[in-house]
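Whatever order the structure lists them in is the order used to number ligands and atoms, beginning at 1.
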Amino acid sequence: MSQNEIKDLEKIFEEKIARDERIEPKDWMPEKYRKTHIRQISQHAHSEIVGMLPEGNWITRAPSLRRKVALLAKVQDEAGHGLYLYSACETLGISREELYEQLHTGKAKYSSIFNYPTLTWADIGAIGWLVDGAAIINQVPLCNTSFGPYARAMVRVCKEESFHQRQGYEIMLTLCNGTEEQKEMAQDALNRWWWPSLMMFGPTDEESTHTEQSMKWKLKRKTNDELRQQFIDQTVPQADILGLTIPDEDLKFNNDTGHYEFGEINWDEFWQVVKGHGMCNKERISARKNAWDNGEWVRDAAVAYAEKNSEKEIQQAI
Ligand code: FAQ
């Protein structure tokens with residue numbers, strides 16, 4: 001393709017973005033746009049899949065049948081989100097095998113939050129309330145992202161996340177209205193999950209490598225800091241209703257700005273976790289690798305079955 005032809009295509013692409021039209025898989029797109037979407041969408045898909053592990057840990061220990069059914073449904077939803085997102089990512093010309101390979105070799109990231117352990121039942125409440133709460137705030141703007149398959153996947157994902165957030169908050173509410181010991185469990189879970197939840201939104205805008213370009217392409221519709229502030233403003237009053245204390249001595253409402261001011265995030269901890277040195281990084285990746293290896297016979301059987309069926313169809317057509 002000549003330089004002039006590429007320039008014309010770039011112009012059409014930029015104009016579509018400016019008009020808030022969706023870019024679809026068969027449309028021409030700059031290579032960097034394609035690559036950065038593969039990076040973000042696959043990281044998102046991996047997060048959903050790895051994110052099943054901390055909660056899966058509690059399915060057999062849920063305190064009642066009702067809690068067990070809800071948790072089971074939530075974890076299954078997360079598998080579904082991962083699968084939609086892998087499919088959306090594949091439309092950009094990368095195979096599922098390559099995506100898994102990137103996760104298993106550590107080339108692709110997944111959300112830092114899933115490298116923390118779930119120590120008590122209250123952690124399941126805290127994850128639903130805080131982690132799904134943060135995920136909704138991050139993902140609602142992504143329903144308007146510029147790449148069609150990603151935006152469409154986000155609509156259903158967000159609806160399901162809102163059920164997840166409510167089931168988590170309801171667990172917290174029940175614990176907080178329970179015995180003194182149960183309330184302490186809820187406070188302890190909040191103490192451990194608060195700061196990692198704030199880190200989910202990524203580094204500050206100043207430190208973020210991709211935000212500027214991703215905002216121009218309308219892949220991201222809000223910056224990391226904007227989303228983090230929105231999460232804090234929304235969540236602090238919810239903690240007040242629970243009668244829990246946010247573990248941040250510097251947290252205070254600023255009447256002039258209408259926002260909460262908050263303390264310093266431990267960015268060293270964040271980068272340590274992102275680089276693979278968190279409490280559960282090794283355990284999470286090895287669980288995923290084992291699942292892949294142990295599932296080989298199922299994949300082989302599915303391929304053999306599909307081949308047999310297509311041979312049969314060809315024979316019948318002859
Ligand atoms: N963890 O330049 P930025 C969920 C990396 S789904 C690990 O700001 P960007 C559902 C980033 O990749 C949760 N790494 O990056 C659920 C980049 O490194 P790279 C996942 C992180 O992409 C709930 C570098 O730092 N959600 O929770 C993190 O513009 C409950 C520089 O950062 C999504 O993925 C992090 N937290 O902004 C499941 C949503 N933050 O790639 C189970 C879609 C940053 O150059 C249970 N993604 N990094 O090597 C996004 O909105 C964006 O990708 C951000 C990061 C905001 C996460």
Indicate, as side chain, backbone, both or neither, the part of [X] found under 4.0 angstrom from ligand 1 when only non-hydrogen atoms are considered.
X: V274; answer: side chain
X: H81; answer: neither
X: N224; answer: side chain

Interatomic distance, [X] atom [atom1] to [Y] atom [atom2] [nearest 0.5 angstrom]:
X: I265; Y: T204; atom1: CD1; atom2: OG1; value: 8.5 Å
X: H81; Y: Q139; atom1: NE2; atom2: CD; value: 8.0 Å
X: Q238; Y: I246; atom1: CD; atom2: CD1; value: 9.0 Å

Please identify which atoms of ligand 1 are closer than 4.0 Å to at least one heavy atom of [X].
X: K109; answer: 5 (C), 12 (O), 14 (N), 18 (O), 19 (P), 49 (O)
X: F201; answer: 56 (C)
X: M199; answer: 36 (N)
X: W271; answer: 25 (O)
X: T209; answer: 2 (O), 31 (C)
X: G202; answer: 40 (N), 44 (C)
X: E161; answer: 10 (C)
X: S47; answer: 13 (C), 20 (C)

Would you check, one step at a time, whether the test side chain to side chain donor-acceptor pair (under 3.5 Å) holds for Q272 with D268?
CA-CA 6 Å; Q272 281 300 315; D268 286 345; over 6 Å; no
When you measure from the centre of the six-membered ring of W129, is the NZ or CZ of R166 closer than 6.0 Å and no more than 45° off the axis?
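No, R166 does not sit over the ring of W129.
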Under 3.5 Å, N or O to N or O, is [X] touching ligand 1 that way?
X: K74; result: no
X: P203; result: no
X: E48; result: no
X: E55; result: no
X: Y150; result: no
X: Q43; result: yes
X: S208; result: yes

Top protein contact for [atom], by heavy-atom distance:
atom: atom 21 (C) of ligand 1; value: F270 CZ, 3.9 Å
atom: atom 23 (C) of ligand 1; value: D132 OD1, 3.3 Å
atom: atom 39 (C) of ligand 1; value: N138 OD1, 3.0 Å
atom: atom 4 (C) of ligand 1; value: A135 CB, 3.8 Å
atom: atom 16 (C) of ligand 1; value: F114 CZ, 3.7 Å
atom: atom 1 (N) of ligand 1; value: S112 N, 2.8 Å
atom: atom 26 (N) of ligand 1; value: H44 CD2, 3.8 Å
atom: atom 47 (N) of ligand 1; value: Q40 NE2, 3.5 Å

Side chain to side chain contact (heavy atoms under 4.5 Å, CB included) partner of Y150, the single match among T145, L92, I23, T91
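So the option named by the test is T145.
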Evaluate side chain to side chain donor-acceptor pair (under 3.5 Å) for S42 paired with Y86, printing each intermediate quantity in order.
CA-CA 6 Å; S42 67; Y86 283 130; over 6 Å; no
Only heavy atoms count here, so choose which of K220, Q139, H210, E212 is nearest to atom 2 (O) of ligand 1.
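Result: the heavy atom closest to atom 2 (O) of ligand 1 is in H210.
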Between the candidates K222, E207, M154, E78, which shows the shortest non-hydrogen contact distance to atom 46 (C) of ligand 1?
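Nearest heavy atom to atom 46 (C) of ligand 1 lies in E78.
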Check: [Y] main-chain N/O paired with [X] side-chain donor or acceptor under 3.5 Å:
X: E5; Y: S2; answer: yes
X: N224; Y: S208; answer: no
X: E98; Y: S95; answer: yes

Return yes when atom CD of E21 has more than 12 non-hydrogen atoms of other residues, nucleotides or ligands closer than 6.0 Å, and no otherwise.
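Yes, enclosed.
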What do the steps show when you test Y110 against H44 for side chain to side chain donor-acceptor pair (under 3.5 Å), and what is the final call?
CA-CA 7 Å; Y110 59 89; H44 194 165; over 6 Å; no
Any protein heavy atom < 4.0 Å from atom 54 (C) of ligand 1:
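Under 4.0 Å from atom 54 (C) of ligand 1, zero protein heavy atoms found.
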Please confirm whether H46 and Y100 have ring centers closer than 6.0 angstrom.
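No, the ring centres sit 6.0 Å or more apart.
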What pairs with K218 under side chain to side chain donor-acceptor pair (under 3.5 Å), at least two apart in sequence or on another chain?
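Result, side chain to side chain donor-acceptor pair (under 3.5 Å) vs K218: D20.
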Side chains of K16 and D27: does their closest heavy-atom pair fall under 4.5 Å?
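The answer is yes; the side chains approach within 4.5 Å.
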Would you give me the side-chain donor-acceptor pairs under 3.5 Å for residues 50-60, sequence neighbours excluded?
| from | atom 1 | to | atom 2 | distance (Å) |
| --- | --- | --- | --- | --- |
| E55 | OE1 | K74 | NZ | 3.2 |
| E55 | OE2 | K74 | NZ | 2.6 |
| N57 | OD1 | R61 | NH2 | 2.9 |
| N57 | ND2 | T118 | OG1 | 3.1 |
| W58 | NE1 | T118 | O | 3.1 |

State whether a side-chain donor-acceptor pair under 3.5 Å links R192 with Y116.
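Judged by distance alone, the side chains do not pair up.
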